[in-house]
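Note that the numbering runs from 1 along the sequence shown for the chain.
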Amino acid sequence: MTVARSLLLFVLAAVAEIGGAWLIWQGVREHRGTWWIGAGVVALGLYGFVATLQPDANFGRILAAYGGVFVAGSLAWGMVMDGFRPDRWDITGALICLAGVLVIMYAPRA
């Protein structure tokens with residue numbers, strides 16, 4: 001159950017961080033206004049809190065592992081929200097990053 005909770009928290013963190021960055025992007029680059037930017041700032045703040053809920057107590061490990069989730073999640077977000085089509089190298093890189101997440105977070109430790 002701890003692994004499932006941890007994975008869910010990584011997904012929630014990705015939605016908050018990537019979504020927040022996307023909202024700010026939309027507000028600034030697509031000229032959608034300050035409401036979009038403000039919502040993005042709030043979402044990015046929520047990301048910071050979600051990361052603290054991980055069961056592992058090591059900040060560096062959590063953020064390092066989350067980096068892999070962020071890479072894969074960013075590509076998925078782009079596909080859903082912007083019509084981005086990753087190529088085989090994007091997908092290969094994302095899979096390597098996700099493998100890194102599994103090793104960093106869930107490898108047996110003595």
Side-chain angles (χ1 to χ4, degrees):
M1 191 61 154
T2 302
V3 172
R5 178 175 182 253
S6 175
L7 290 170
L8 176 62
L9 287 169
F10 276 135
V11 170
L12 292 174
V15 169
E17 185 182 21
I18 298 163
W22 183 82
L23 286 166
I24 292 171
W25 178 285
Q26 294 298 309
V28 174
R29 302 250 336 218
E30 303 298 327
H31 309 289
R32 294 197 172 173
T34 55
W35 285 104
W36 287 72
I37 295 167
V41 169
V42 169
L44 288 170
L46 288 173
Y47 152 73
F49 286 102
V50 171
T52 68
L53 301 174
Q54 281 288 348
D56 192 296
N58 297 291
F59 176 82
R61 180 176 294 143
I62 298 300
L63 269 285
Y66 174 68
V69 175
F70 179 82
V71 169
S74 295
L75 292 173
W77 188 281
M79 290 171 62
V80 171
M81 300 303 288
D82 292 326
F84 173 70
R85 294 292 167 238
D87 63 23
R88 65 183 171 151
W89 300 113
D90 294 323
I91 293 168
T92 301
L95 290 173
I96 291 168
C97 290
L98 290 174
V101 171
L102 297 176
V103 171
I104 291 169
M105 286 299 296
Y106 311 116
R109 291 188 162 80

Check: [Y] and [X] side chains under 4.5 Å, non-hydrogen atoms:
X   : Y   : value
I24 : R29 : no
L53 : R5  : yes
D87 : D90 : yes

In terms of hydrophobic clusters joined by side-chain contacts under 4.5 Å, are L23 and V80 together? yes

Spell out, yes or no, whether I18 and V101 are grouped together once hydrophobic residues are joined by side-chain heavy atoms under 4.5 Å, including indirect joins. yes

Between E17 and Y66, do the side chains contain a donor N or O and an acceptor N or O under 3.5 Å apart? yes

In this structure, are over 12 heavy atoms from other groups packed under 6.0 Å from Y106 atom OH? yes

Within 6.0 Å of CH2 in W36, more than 12 heavy atoms from elsewhere: yes

Minimum heavy-atom separation for G20 and A43, please, with both atom names. CA-CB, 3.6 Å

Is there a donor-acceptor pair closer than 3.5 Å between any side-chain N or O of [X] and the backbone N or O of [Y]?
X   : Y   : result
S74 : F70 : yes
D82 : F84 : no
E30 : W25 : no

